[in-house]
Amino acid sequence: MESEIESVTALWSQEQFTMKSKLIISNTEKWQADRKLNLVGGMDISFCKADSSIAICTLVVCSVSQQLKVVYEDSLHVKLSTPYIPGFLAFREFEPCLSLYTKLTSKHSELIPQVLMFDGNGILHPRGLGLASHFGVCTNTCTIGVAKNLYQMGSILRDENHFSQINSLSAPGDHFFIKNSEGNGGEILGAALKTTQEAKRPVYISIGHRIGLETAIWAVMQCIDRYRIPEPTRQADIRSRQLIRKLEESKNKKVDQYSPKMSFH
DNA sequence: GCGACAG
DNA sequence: ATCTTGTCGC
């Protein structure tokens with residue numbers, strides 16, 4: 001019962017620990033040195049409100065040189081087998097993400113993104129291996145974690161200054177680093193980044209795999225249009241959400257069709 | 001023990 | 001994640 005979750009998370013923690021040894025936290029791609037970024041991928045999942053195990057995963061590729069226009073889109077309707085457990089998001093979302101990515105690489109290799117962004121964290125994670133890093137290591141690709149909220153773990157303090165630090169961010173691109181509060185005395189795990197002038201809250205960026213933090217921050221800024229969330233993940237969110245709505249509508253129609261309670265004569 | 005807790 | 005209206009501003 002409760003202990004079953006404990007035993008599975010213990011196993012998953014070991015997998016995360018093992019994968020962490022394969023993690024690369026610096027630039028390995030040529031575009032990173034040249035600063036010639038064009039194709040950026042974004043992945044997101046939307047859930048059915050009535051049944052959160054039913055979801056639609058969407059992968060989008062945007063072109064930086066074409067005003068962030070979406071040049072590729074694909075979605076997958078899935079039944080997730082694992083619940084959401086904080087710290088283990090990857091074990092719930094990895095499979096559908098991988099399916100979409102492998103399909104893209106095999107059918108449209110010319111549109112393979114130079115970097116892939118995820119809703120969630122990279123190394124800014126209790127065990128240093130969030131969804132973005134998990135995916136990057138498993139597929140040997142360059143990834144970035146873009147979380148809308150800060151995951152507060154024992155080793156990361158949202159110190160008393162966090163609020164004032166956020167208020168000190170004044171222009172798009174401004175950021176401050178999120179550090180580990182213990183042990184290694186302040187190892188940098190990510191950054192709180194102000195993406196637009198209007199945004200009151202920052203976005204939390206962290207290395208996924210095969211990229212340095214400063215380059216990751218730069219890449220995210222390259223994908224900011226008018227919104228707080230970078231276009232790749234924002235578009236993936238919009239499109240997956242739209243599809244989940246359509247799915248719910250069709251379900252309601254089926255129910256109405258066979259339900260006698262609405263007939264009155 | 002208590003609170004916190006990406007999506 | 002999802003539940004949701006109005007409101008302010010360009």
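By convention in this document, chain letters (A, B, ...) are assigned in the order of the sequence lines, proteins followed by strands, and residues within each chain are numbered from 1.
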query = Would a 4.5 Å heavy-atom cut-off, applied to side chains only, mark A:Ile229 and A:Asp237 as touching?
reply = no
inquiry  = One pair to check against ring-ring contact (aromatic ring centres under 6.0 Å, His included): A:Tyr204 and A:Tyr151. What are the steps and the verdict?
reply    = CA-CA 9 Å; A:Tyr204 297 89; A:Tyr151 189 158; over 10 Å; no
request  = Specify the separation, in whole Å, of atom CH2 of A:Trp12 and atom P of B:dA6.
outcome  = 16 Å
task = Starting from C1' on B:dA6, measure out to CD1 on A:Ile229 and report it in whole angstrom.
result = 12 Å
Charged N-O contact under 4.0 Å between A:Lys79 and A:Asp51 = yes
query = Touch check for A:Arg241, heavy atoms < 4.0 angstrom, all strands: base, sugar-phosphate only, or nothing?
reply = sugar-phosphate
ask   = Does A:Gln114 use its side chain to pair, donor to acceptor, with the backbone of A:Leu39 at less than 3.5 Å?
value = yes
request  = Check every strand shown and say whether A:Ile85 touches a base, only sugar-phosphate, or nothing at a heavy-atom separation below 4.0 Å.
outcome  = nothing
message = Using whole Å, what does the distance between atom P of nucleotide C:dT2 and atom CG of A:Leu80 come to?
response = 13 Å
request  = Check whether NZ of the Lys or CZ of the Arg A:Arg92 lies under 6.0 Å from the centre of the six-membered ring of A:Tyr84 and within 45 degrees of that ring's axis.
outcome  = no
message = Let me confirm one number: the CD1-OG distance from A:Ile112 to A:Ser106, rounded to the nearest 0.5 Å.
response = 9.0 Å
message = For a quick test of reading the model: is some side-chain N or O of A:Lys148 closer than 4.0 Å to OP1 or OP2 of B:dA6?
response = no
message = Heavy atoms within less than 4.0 Å of DNA chain B: which residues of residues 42-57 of chain A have one? Give them sorted by number.
response = A:Asp44
note = For DNA chain B, the dot-bracket notation using Watson-Crick and G-U wobble pairs below 3.5 Å, [ ] for pseudoknot-type crossings and | for other-strand pairs, is .......
inquiry  = Are the side chains of A:Glu29 and A:Asp34 in contact, using a 4.5 Å heavy-atom criterion?
reply    = no
message = Regarding A:Gly145, tell me which of base, sugar-phosphate or nothing describes its non-hydrogen contacts under 4.0 Å with the strands shown.
response = nothing
Contact under 4.0 Å: A:Tyr84 side-chain N or O vs B:dA6 OP1/OP2 = yes
query = So does A:Lys246 pair up with A:Glu249, basic N to acidic O under 4.0 Å?
reply = no
task = Please list all pairs passing the salt bridge (Lys or Arg N to Asp or Glu O under 4.0 Å) test where one or both residues lie in residues 69-78 of chain A, with sequence neighbours left out.
result = A:Glu73-A:Arg239, A:Asp74-A:Lys103
inquiry  = So if I take residues 14-26 of chain A and measure heavy-atom distances to DNA chain B, which residues fall below 4.0 Å?
reply    = none
query = Between A:Tyr151 (OH) and B:dG3 (P), how many Å, whole number?
reply = 17 Å
request  = Find the distance A:Phe118:CZ to C:dA1:C1' and express it as a whole number of Å.
outcome  = 17 Å
key: Secondary-structure string, 5' to 3', Watson-Crick or G-U under 3.5 Å, | for another-strand partners, for DNA chain C   = ..........
message = Base, sugar-phosphate or nothing for A:Phe88? Non-hydrogen atoms, less than 4.0 Å.
response = base
request  = State, yes or no, whether a side-chain contact exists between A:Phe118 and A:Thr233 at a heavy-atom distance under 4.5 Å.
outcome  = no
ask   = Taking atom CD of A:Glu198 and atom OG1 of A:Thr195, what is their separation to the nearest 0.5 Å?
value = 9.0 Å
query = Quick check: are there more than 12 heavy atoms from other residues, nucleotides or ligands sitting under 6.0 Å from CD1 of A:Ile24?
reply = yes
remark   = Residue pairs meeting side chain to side chain donor-acceptor pair (under 3.5 Å), one or both in residues 130-148 of chain A, sequence neighbours left out, come to A:Asp119-A:Lys148, A:Thr139-A:Thr141, A:Asn140-A:Arg210
ask   = To the nearest angstrom, how far is A:Gln242 atom CD from C:dA1 atom P?
value = 17 Å
query = Stepwise, does the side-chain hydrogen bond (donor to acceptor under 3.5 Å, both in side chains) test hold for A:Asp44 with A:Thr58?
reply = CA-CA 6 Å; A:Asp44 192 40; A:Thr58 298; over 6 Å; no
query = In whole Å, what is the span from the CD atom of A:Glu248 to the C1' atom of C:dC3?
reply = 11 Å
ask   = In whole angstrom, what separates A:Glu6's CD from B:dC5's P?
value = 20 Å
request  = Quick one: label A:Asp119 by what it contacts on the DNA or RNA (base, sugar-phosphate, nothing), any heavy atom closer than 4.0 Å.
outcome  = sugar-phosphate
key: Closest listed nucleotide, where the reference is the side chain of A:Asn149 and the choices are C:dC3, B:dG7, B:dC5   = B:dG7
Close side-chain approach of A:Ser53 to A:Phe47, heavy-atom, < 4.5 Å = no
